[in-house]
S.K.: 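Below are the structure tokens for one structure; questions will follow.
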Amino acid sequence: MTLNKDFWASQVGAILSQGRDYGNSTIGANAKINVEYVSANPTGPLHIAHARGAVIGDALANLLAKAGYDVTKEYYINDAGSQIDTLARSSYLRYREAFGEEITIPEGFYPGDYLVAVGENLKARDGDKWMNAEEADWLPVVRDFASDAMVVKIKEDLAQLDIVQTFSSEKALVKSGAVERAFKMMDEKGVMYRGVLEPPKGKAPEDWEPREQWLFKATDFGDDVDRPVQKSDGSWTYFANDVAYHFDKHERGFVEMVDIFGVDHGGYVKRMKAAVQAITSVEGSLDILLCNLVKLSRGGEQVKMSKRSGNFITLREVVEEVGKDIVRFLMLTRKPDAPLDFDLDLVIQSSPDNPVWYLHYANARIEALFKMTRDLLPDLEINDKDLLGADLGLLGESEELNLIKQLTAWPRVVESSAKAREPHRIAFYLNDVSAAFQRWYSTGNKNAALRVVVQGDKDLTTARLALAKATAHVIASGLAIMGVEPLKEMR
RNA sequence: GCGCCCGUAGCUCAGUAGGAUAGAGCACAGGAUUCCUAAUCCUGGGGCCACAGGUUCGAAUCCUGUCGGGCGCACCA
């Protein structure tokens, strides 16, 4: 330990000179990588479960950027499916309602009152133009109008979490003929054929009938069965569109891709990976992260959410209640595939049960050290230049070295977390950093000679403040990946 | 029936190129406040890492099987 003392001390200088950039890596080699997340159907506002995928995806993207990748954050708008028709019909009812008509919302429609404004806005734009029109005439118009309105809402919801993404439209993709192009390309690669599938085991659908159809030879790429790409009415399946979308990403230069899904889409993983293998001739890679459920509670009581009644707590409500940083932090305190409890009361408490505060407290203490130095030792000029010039050889106490070792693990944490695509490790690491700092700090409570600020010893104080500053840099660097602002003081 | 994920302390969870006596928080028992913010720190008890095999010098980690829990299973997205 004594032999290495100078080495460890010199690392503090390295952290100070790089600041928040400490830990930046080049393992990504500036390769283009696409991280796709949220991608919720534009049929309503985002709710709390969406937030988990949103935060994990966004943090992963930030992490990959720090690891040296050229990252694109992307949102795939599923605006071409049948649920958009349902959205349009639901909105059309609200449109009629805007003219004073009594409406009843049938089973299977979207009952949420967020569509009231859509109906009113449509009335404001088009007047009574659609009141006596046939569905075939108004449906395409209302479809666009309503889904555009929902996309606007979703973007607002994401903006509240500081999430900005590139939006790609399924509808536009299909319109451009991308699906036909992808199909043709795959047919030429010999991975498409006409065939009949076995009926699914277990619960067989009543309307099952053997049918010859176009199938993707997914079993050649690790999937369990071959996958249909065309529905019986001749239109493309969702999967076919998604294949085309991933082909589109590949054509845009992304060799590596990451998709963030909910656990309920776990059955979709193999076929999508198989498709990317086929599309890219096994050169590309697709990683898929499955996010487990978020159990929202309040004071231990589970908050009931009913989609059917449209009575669910929106992401917007949660963010307005507890704040962006707490939402983002909490979402990263579990590995993605573990279920997560989110207690609205607990997370805003200043309680030891609240993991957010522990980290903030460490950072606030560091800020307080500098504030106090200015107040108590006005003759001591502390600025970045002084800190860089500190005699770091004065550091060497056991808890000092322990903290330094913890800090110097940061670059390795960045690289291993990026490789594993697991941004939650950042949260756990920062917790360890905070603990190491608190342990060091508290040694000063028992022994005044071990305090950071030592009266009458400018050199030692400067060296220790340098270590405190280095700690703050690493915390800031990690929180930046998580998308959380460090707190300078506790209130 | 098949596929994927999970099973680690009383509770909630980390532990990921296989590596030393398996870690943290909460809870429980005790201790620290003439102090740089105690929203903190220290000490202690508490584990057959679901179970059984296998690979290895070495397994919570890799392989096989069993049990238990979650999710999914044409022409929805």
Side-chain angles (χ1 to χ4, degrees), chain A residues 39-41 43 78-84 86 170 196-205 207-211 213-215 223-239 241-242 262-271 288 290 292-293 333-341 349-358 360-362 364-373 375-377 399 416-417 419-422 424-425 427-429 431-432 434-435 437-448 450-455 461 464-465 468 489-491:
Chain A
S39 300
N41 299 321
T43 55
N78 300 133
D79 53 3
S82 59
Q83 72 288 62
I84 297 298
T86 305
E170 179 185 9
V196 181
L197 283 175
E198 294 287 313
K201 302 274 164 80
K203 47 169 189 180
D207 58 344
W208 165 266
E209 53 186 35
R211 186 170 74 84
Q213 57 190 333
W214 278 108
L215 297 170
D223 201 356
D224 307 308
V225 291
D226 293 335
R227 303 294 180 176
V229 295
Q230 237 175 2
K231 302 180 200 171
S232 49
D233 67 357
S235 64
W236 299 109
T237 61
Y238 176 79
F239 174 63
N241 291 354
D242 216 0
V263 271
D264 54 333
H265 288 64
Y268 195 69
V269 170
K270 278 190 180 179
R271 83 186 70 170
I288 297 178
L290 294 181
N292 216 314
L293 307 174
T333 54
R334 290 276 182 282
K335 57 184 169 189
D337 54 9
L340 174 74
D341 288 307
Q349 279 174 19
S350 44
S351 133
D353 293 333
N354 184 344
V356 185
W357 292 101
Y358 187 69
H360 281 318
Y361 185 48
R365 268 190 159 167
I366 293 168
E367 289 294 330
L369 284 170
F370 284 92
K371 185 164 179 284
M372 191 191 53
T373 307
D375 291 349
L376 291 187
L377 303 169
E399 292 303 336
S416 62
S417 305
K419 279 182 191 163
R421 273 65 163 135
E422 291 190 348
H424 75 278
R425 293 194 204 179
F428 284 92
Y429 168 74
N431 196 64
D432 290 344
S434 305
F437 172 78
Q438 298 283 25
R439 221 174 295 130
W440 171 51
Y441 181 95
S442 65
T443 57
N445 286 336
K446 289 172 189 161
N447 183 348
L450 295 178
R451 286 181 196 159
V452 176
V453 179
V454 183
Q455 302 280 346
T461 299
R464 287 180 177 165
L465 284 171
E489 59 182 341
M490 307 296 279
R491 285 287 171 99

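Proteins get letters first, then strands, A, B, ... in listed order; numbering begins at 1 in each. The analysis underlying the following values was restricted to heavy atoms, covering all of them including side chains, and did not include hydrogens, waters or symmetry mates.
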S.K.: On a whole-Å scale, what distance lies between the C1' atoms belonging to B:rA22 and B:rG15?
M.R.: 8 Å

S.K.: Using a 4.0 Å heavy-atom cut-off, does A:Val269 contact any base of the nucleic acid, only the sugar-phosphate backbone, or nothing at all?
M.R.: nothing

S.K.: Under 5.5 Å centre to centre and under 30° between planes: does that hold for A:Tyr441 and the six-membered base ring of B:rU40?
M.R.: no

S.K.: Nearest to the side chain of A:Arg211, which nucleotide is it out of B:rA74, B:rC36, B:rA77?
M.R.: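 The answer is B:rA74, which lies nearest to the side chain.
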
S.K.: Could I get a table of every N or O pair under 3.5 Å where one atom is in the protein and the other is in nucleotides 41-44 of chain B?
M.R.:
unit_1 : atom_1 : unit_2   : atom_2 : d
B:rC41 : OP1    : A:Tyr358 : OH     : 2.4
B:rC41 : O2'    : A:Ser442 : OG     : 3.2
B:rC42 : OP1    : A:Arg439 : NE     : 3.1

S.K.: Can you check nucleotides 18-20 of chain B for protein contacts, nitrogen or oxygen pairs under 3.5 Å, and list what you find?
M.R.:
none

S.K.: Looking at residues at least two apart in the chain, or sitting in another chain, which of them share a salt bridge (charged side-chain N to carboxylate O under 4.0 Å, His left out) with A:Asp226?
M.R.: none

S.K.: Looking at A:Glu489 and B:rU37, is any side-chain donor or acceptor paired with a base atom of the opposite kind under 3.5 Å?
M.R.: no

S.K.: Listed by chain and number, what are the ring-ring contact (aromatic ring centres under 6.0 Å, His included) partners of A:Tyr429, not counting sequence neighbours?
M.R.: A:Trp410

S.K.: By nearest heavy atom, map A:Ala420 and A:Tyr361 onto RNA chain B; which one lands nearer the 5' end?
M.R.: A:Ala420

S.K.: Reading nucleotides 4-13 of chain B from the 5' end, what letters show protein touch, with B for base, S for backbone sugar-phosphate only, - for no heavy atom under 4.0 Å?
M.R.: SSS-----SS

S.K.: Nearest of B:rC75, B:rU16, B:rA74 to any side-chain atom of A:Glu209?
M.R.: B:rA74

S.K.: By nearest atom, which of the nucleotides B:rC36, B:rA74, B:rG15 is closest to the A:Leu197 side chain?
M.R.: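 The answer is B:rA74.
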
S.K.: When you get a sec, tell me which of B:rA77, B:rU16, B:rA39 is the closest nucleotide to the side chain of A:Asn41?
M.R.: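 Of B:rA77, B:rU16, B:rA39, B:rA77 is nearest to the side chain of A:Asn41.
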
S.K.: Between B:rA24 and B:rC63, how many Å separate the two C1' atoms, rounded to a whole number?
M.R.: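 One C1' to the other, the span is 31 Å.
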
S.K.: In dot-bracket, 5' to 3', how would RNA chain B read with Watson-Crick or G-U wobble pairs under 3.5 Å, [ ] for crossing ones and | for pairs to another strand?
M.R.: (((((((..((((.....[...)))).(((((.......))))).....(((((..]....))))))))))))....

